[in-house]
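Nothing here was measured: the structure is a model prediction, and the numbers come from that model. Whatever order the structure lists them in is the order used to number ligands and atoms, beginning at 1.
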Amino acid sequence: MHPSALFAIDGLLTDEERDIRQAVRQVCDREIRPYVADWFEAGALPARELARSLGSVGVLGMHLDGYGCAGLGAVAYGLACLELEAADSGLRSLVSVQGSLAMYAIWKYGSEEQKREWLPAMAAGERIGCFGLTEPDFGSDPAGMRTTAERDGSDWVLNGTKMWITNGSVSDVAVVWARAEDGIRGFLVPAGTPGFAVHDLKRKVSLRASVTSELVLDGVRLPEEAMLPGARGLSGPLGCLNEARFGIVFGAMGAALDCLETALAYAAEREIFARPLASFQLTQEKLADMALELGKGLLLAVHLGRLKERGELTPEQVSAGKLNNVREALDIARTCRTLLGASGITLEYPVIRHAVNLESVLTYEGTSEIHTLVLGKALTGVPAFH
Ligand SMILES: Cc1cc2nc3c(=O)[nH]c(=O)nc-3n(C[C@H](O)[C@H](O)[C@H](O)COP(=O)(O)OP(=O)(O)OC[C@H]3O[C@@H](n4cnc5c(N)ncnc54)[C@H](O)[C@@H]3O)c2cc1C
């Protein structure tokens, strides 16, 4: 029995949703899975080609309406994230940052001109975007950011540094959040703008099939039209993060599913003490426990997706989904690693790659501690962040 059959998840999906999942799976099977271990090992990937392939199947900004975007439902988008992350969390990150952070910021807060200029090309994967919120000294507490945006005549001048920025050096446009006189504002910074430098972060052990960069803004002069008119205050970037976190609720389960499928196949074939590994009770307990957590995580993801489609999903529910599903996915990846024994530490199997990738997923888009505090506040009414 396939692990997701235990909870009859497919029965909760529409035909269209199953078709979309299948289409994304086929792209991953054709263009990502055969190569991803090599990209991970090399710490480099053909991001531009991949963006164009993913754009051609419509997954970039697929949950947005108009401007070349498909306007699909939340569950369909979640399933695309699941399939991408079953291939590699780095590829899902590329798509999440493009669609849910950079495109969403423009779609939600941008002017008509900004939307027309950027969204169709970004949906097609011809242009790539990144999202610069985190700074070297401000990750969990973005309200403390030091990047500034000052008026000079009708222009804006940006100064500061953004850190850990996915897609940074392959982006055509950076959505940069900066402190202006009237609060935090968002700006579209095209690549190549004088004073704007991007450096890739090296020596990563996690998310190696993903570009992570530092953005340096040194007197970057932008015209008035570069500001996102609809975003004012921290609610602007936080609104985008909520979108991306939702994708992770599904995505993390994709990584977990790929680990569990790998471990099931391995346990069936591997003979130990002249018996298949799958035949031992300790093995079966691990497999049963993982199938339970996977099924519960998938049910939660679909439930949150349906709430989102009805416009009822709250940020606290997204925190609950992100916290639970990433934590359980990481646990599943580690347990699957044990089932593979020494083989589990090599890139011949996807399991250790998923496990180390999920360490990043646990930290970005709100760390597990921050989501725990969000739930703590919701339950008690008392904020314990600082
Ligand atoms: C691979 C990768 C890609 C990323 N991509 C992007 C991107 O595209 N754009 C972007 O803007 N950012 C990105 N980030 C940054 C990410 O969002 C931050 O790393 C994250 O918010 C945590 O910030 P920090 O690393 O500064 O950790 P810190 O905020 O310094 O936290 C350190 C530890 O303290 C804990 N902590 C913090 N506050 C509290 C508290 N009140 N109580 C108890 N414990 C607390 C944290 O949970 C964590 O365990 C990325 C990060 C990674 C690793």
Side-chain angles (χ1 to χ4, degrees), residues 39-40 43 45 47 85 88-105 128-147 160-171 173-179 184 186-187 189 198-217 231 234 236-245 247-248 251-252 255 319 322-323 326-327 330 353-377 382-386:
W39 297 336
F40 185 97
L45 80 167
E85 196 145 358
D88 192 86
S89 302
L91 275 301
R92 200 268 307 136
S93 300
L94 189 159
V95 170
S96 289
V97 169
Q98 173 85 347
S100 287
L101 293 180
M103 290 176 74
Y104 182 83
I128 299 180
C130 67
F131 184 89
L133 177 64
T134 304
E135 300 188 354
D137 292 329
F138 297 95
S140 302
D141 178 21
M145 74 170 64
R146 292 204 186 104
T147 299
T161 304
K162 298 290 177 181
M163 192 70 171
W164 307 110
I165 307 306
T166 302
N167 295 350
S169 67
V170 292
S171 284
V173 63
V175 175
V176 172
W177 300 94
R179 184 181 302 288
I184 289 168
F187 296 87
V189 184
V198 183
H199 314 286
D200 279 346
L201 299 172
K202 301 285 183 198
R203 309 188 80 185
K204 283 186 301 173
V205 180
S206 169
L207 279 195
R208 289 181 56 76
S210 172
V211 173
T212 314
S213 315
E214 176 192 48
L215 313 181
V216 181
L217 302 122
L234 207 54
L238 293 185
C240 304
L241 290 173
N242 220 34
E243 290 293 305
R245 285 167 186 162
I248 294 174
S319 283
K322 201 249 175 190
L323 175 63
V326 178
R327 191 162 68 185
L330 188 53
R353 181 166 49 79
H354 284 307
V356 293
N357 281 341
L358 285 165
E359 293 288 347
S360 285
V361 182
L362 194 71
T363 284
Y364 70 22
E365 307 282 353
T367 66
S368 49
E369 291 80 6
I370 291 296
H371 289 298
T372 303
L373 293 174
V374 169
L375 297 188
K377 180 182 169 207
V382 186
F385 295 94
H386 42 77

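- Residues Pro142 and Trp177 have side chains not in contact (no heavy-atom distance under 4.5 Å, counting atoms from C-beta outward).
- Counting the atoms of ligand 1 from 1 in the order shown, those under 4.0 Å from a heavy atom of Ile165 are 7 (C), 8 (O), 9 (N), 10 (C), 11 (O).
- Residue Leu133 has at least one N or O atom closer than 3.5 Å to an N or O atom of ligand 1.
- Distances between N or O atoms of Thr134 and those of ligand 1 include at least one value under 3.5 Å.
- Taking atom 2 (C) of ligand 1 as the reference point, the nearest protein heavy-atom neighbour is Tyr364 CD2, 3.7 Å.
- In this structure, atom 25 (O) of ligand 1 has its sub-4.0 angstrom surroundings free of protein heavy atoms.
- Glu369 OE1, 3.3 Å is the protein heavy atom nearest to atom 49 (O) of ligand 1.
- Scanning the protein heavy atoms around atom 20 (C) of ligand 1, the nearest turns out to be Thr363 O, 3.6 Å.
- Considering only non-hydrogen atoms, atom 28 (P) of ligand 1 lies nearest to Ser140 out of Gly139, Ser140, Ser89.
- Other residues, nucleotides and ligands contribute only 12 or fewer heavy atoms inside 6.0 Å of the NZ atom of Lys377.
- Between Leu207, Val211, Thr367, it is Thr367 that holds the heavy atom closest to atom 22 (C) of ligand 1.
- We find the CZ-CG distance between Phe131 and Asn167 to be 12.5 Å, quoted to the nearest 0.5 Å.
- Two residues are said to be in side-chain contact when any heavy atoms from C-beta on lie closer than 4.5 Å; Ser210 and Leu94 fail this criterion.
- Every residue two or more places apart in sequence or in another chain that forms a side-chain contact (heavy atoms from CB on, under 4.5 Å) with Asp141 is listed here: Phe138, Ala143.
- No side-chain donor from either of Thr161 and Glu214 sits under 3.5 Å from a side-chain acceptor of the other.
- Shown in contact with Ser360 at under 4.0 Å from a heavy atom are these atoms of ligand 1, numbered in order with element: 1 (C).
- Atom 51 (C) of ligand 1 is flagged as protein-proximal [any protein heavy atom, distance under 4.0 Å].
- Taking atom 3 (C) of ligand 1 as the reference point, the nearest protein heavy-atom neighbour is Thr166 OG1, 3.3 Å.
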Go through the steps to decide whether Leu241 and Leu101 satisfy the test side-chain contact (heavy atoms from CB on, under 4.5 Å), and finish with yes or no.
CA-CA 7 Å; Leu241 290 173; Leu101 293 180; 3.9 Å; yes
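- Across all non-hydrogen atoms, the minimal contact from Arg208 to Asn357 is N-OD1, 4.2 Å.
- Summarising the local packing, CH2 of Trp164 is surrounded by 12 or fewer heavy atoms from other residues, nucleotides or ligands at distances under 6.0 Å.
- Protein heavy atoms come within 4.0 Å of atom 37 (C) of ligand 1.
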Could you go through Val361 and Glu85, starting from their C-alpha distance and side-chain angles, then the distance that decides it, and tell me whether this counts as side-chain contact (heavy atoms from CB on, under 4.5 Å)?
CA-CA 11 Å; Val361 182; Glu85 196 145 358; 3.7 Å; yes
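- For ligand 1, none of its N or O atoms has an N or O atom of Asp141 under 3.5 Å away.
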Does Thr372 form a side-chain contact (heavy atoms from CB on, under 4.5 Å) with Leu375? I'd like the steps, not just the answer.
CA-CA 5 Å; Thr372 303; Leu375 297 188; 5.9 Å; no
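- No part of Leu101 comes within 4.0 Å of ligand 1, judged by heavy-atom distances.
- Here's the thing with His386: none of its N/O atoms is less than 3.5 angstrom from an N/O atom of ligand 1.
- The protein heavy atom nearest to atom 42 (N) of ligand 1 is Leu373 CD1, 3.7 Å.
- One option in Trp177, Phe138, Trp164 has a heavy atom closer to atom 13 (C) of ligand 1 than any other, and that option is Trp164.
- Not a single protein heavy atom sits closer than 4.0 Å to atom 30 (O) of ligand 1.
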side-chain contact (heavy atoms from CB on, under 4.5 Å), that's the test. Do Met163 and Leu201 meet it? Break it down for me.
CA-CA 9 Å; Met163 192 70 171; Leu201 299 172; 3.9 Å; yes
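- The residue from Thr212, Thr134, Ile248 that alone fulfils the side chain to side chain contact (heavy atoms under 4.5 Å, CB included) condition with Tyr364 is Ile248.
- Considering both main-chain and side-chain atoms, Phe131 comes within under 3.5 Å of ligand 1 through a nitrogen or oxygen pair.
- The nearest heavy-atom contact from the protein to atom 41 (N) of ligand 1 is Phe385 O, 2.7 Å.
- Interface atoms of ligand 1 facing Ile370, defined by a heavy-atom separation under 4.0 Å, are 38 (N).
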